[in-house]
Amino acid sequence: MSEQATPLISIVDDDVSVREATEALMRSLGFRAQSFPSASAFLSSSAIKNTSCLIADINMPKITGVELYRRLVGSGYAIPTILITAYPDDETRMRSLADGVVCYLTKPFDDEVLLGCLRVALGTAEEEQHD
């Protein structure tokens, strides 16, 4: 598969250990991966137009993962998004999924569950939702 044909997974998480581990996992699964320490860093990058799927932490300073998703959609970038959080909230989960987020995962999440979400996000599996 050429580099352009290999999906780019962008990871946005202010927790460096989660960000690095998720990026390493994406690469081990054969994806291109790029990570960012904040929503602002991702929004100001050129990766937006090439991102096939976004994995974003919900609880980040300044711009949350939910706000990031809404800004992207509002700007015409409906990037399939997986939200991750260490602080699950049923209302946020329901609202995010209703807004079109592919998956809402609680940290620590199982690699296989994340892979299932990626398949849905990339259109390589039947539609499903995880919690």
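Formation of a donor-acceptor pair under 3.5 Å by the R27 side chain with backbone atoms of R32 is not found in this model. At distances below 3.5 Å, not a single donor-acceptor pair connects side-chain atoms of S75 with backbone N or O atoms of V73. Judged purely by atom type and a 3.5 angstrom limit, E67 uses its side chain to pair as donor or acceptor with the backbone of T64. T51 places no side-chain N or O within donor-acceptor distance of the main-chain N or O of L54, the cut-off being under 3.5 Å.
Expressed to the nearest 0.5 Å, how far CZ of F36 lies from OG of S44 amounts to 8.0 Å. Atom CG in D111 sits 7.5 Å away from atom CE in M26 (nearest 0.5 Å). Summarising the geometry, atom CD1 belonging to I55 is positioned 10.0 Å from atom CG belonging to D13; distances are rounded to the nearest 0.5 Å. Between atom CD1 of residue I84 and atom OG1 of residue T22 there is a gap of 5.0 Å, rounded to the nearest 0.5 Å. Taken from CD1 in I82 to CZ in F109, the straight-line distance is 8.5 Å, to the nearest 0.5 Å. Note: C103 SG to R119 CZ = 12.0 Å, rounded to the nearest 0.5 Å.
Among all heavy-atom pairs drawn from C53 and L118, the shortest one is SG-CD2, 3.8 Å. When every heavy atom of F42 is checked against every heavy atom of A47, the shortest pair comes out as CE1-CB, 4.2 Å. The shortest non-hydrogen separation linking I63 to S40 is CD1-OG, 3.5 Å. Of all the heavy atoms in D14 and P61, the pair that sits closest is OD2-CD, 3.4 Å. Shortest non-hydrogen contact noted between G30 and T6 is O-CG2, 3.2 Å. Closest of all the heavy-atom pairs between V102 and P80 is CG2-CB, 4.0 Å.
No side-chain donor-acceptor contact under 3.5 Å links T85 and D57.
Put simply, the side chain of Y87 does not reach to within 4.5 Å of the side chain of I58, judged on heavy atoms. Side-chain atoms of D90 and P88, non-hydrogen and from C-beta on, never get closer than 4.5 Å to each other. V12 places a side-chain heavy atom less than 4.5 Å from the side chain of M60. The shortest distance between side-chain heavy atoms of I48 and L43 falls below 4.5 Å.
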Begin with the C-alpha distance, continue with both residues' side-chain angles, and end with the deciding distance and a verdict on side-chain contact (heavy atoms from CB on, under 4.5 Å) for L25 and F31. CA-CA 9 Å; L25 175 62; F31 297 107; over 6 Å; no

The test is side-chain contact (heavy atoms from CB on, under 4.5 Å); show your working for Y104 and D89 and say whether it passes. CA-CA 10 Å; Y104 178 101; D89 172 87; 4.2 Å; yes

Between V18 and K107, does the side-chain contact (heavy atoms from CB on, under 4.5 Å) criterion hold? Intermediate values first, please. CA-CA 9 Å; V18 172; K107 297 177 190 177; 4.1 Å; yes

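Grouping the Ile, Leu, Val, Met, Phe, Trp and Tyr side chains by contacts below 4.5 angstrom, directly or via other members, places L105 with L29. M94 and V120 sit in two unconnected hydrophobic clusters of ILVMFWY residues. Membership requires side-chain heavy atoms under 4.5 Å apart, directly or through other members.
Dense packing is recorded around CZ of R95, with more than 12 heavy atoms of other residues, nucleotides or ligands lying under 6.0 Å away. By the 6.0 Å contact criterion, CG on D110 is enclosed, its count of non-hydrogen atoms from other residues, nucleotides or ligands being greater than 12.
The pair E23-R19 fails the salt-bridge criterion, with no side-chain N (NZ, NE, NH1 or NH2) lying under 4.0 Å from an Asp/Glu carboxylate O.
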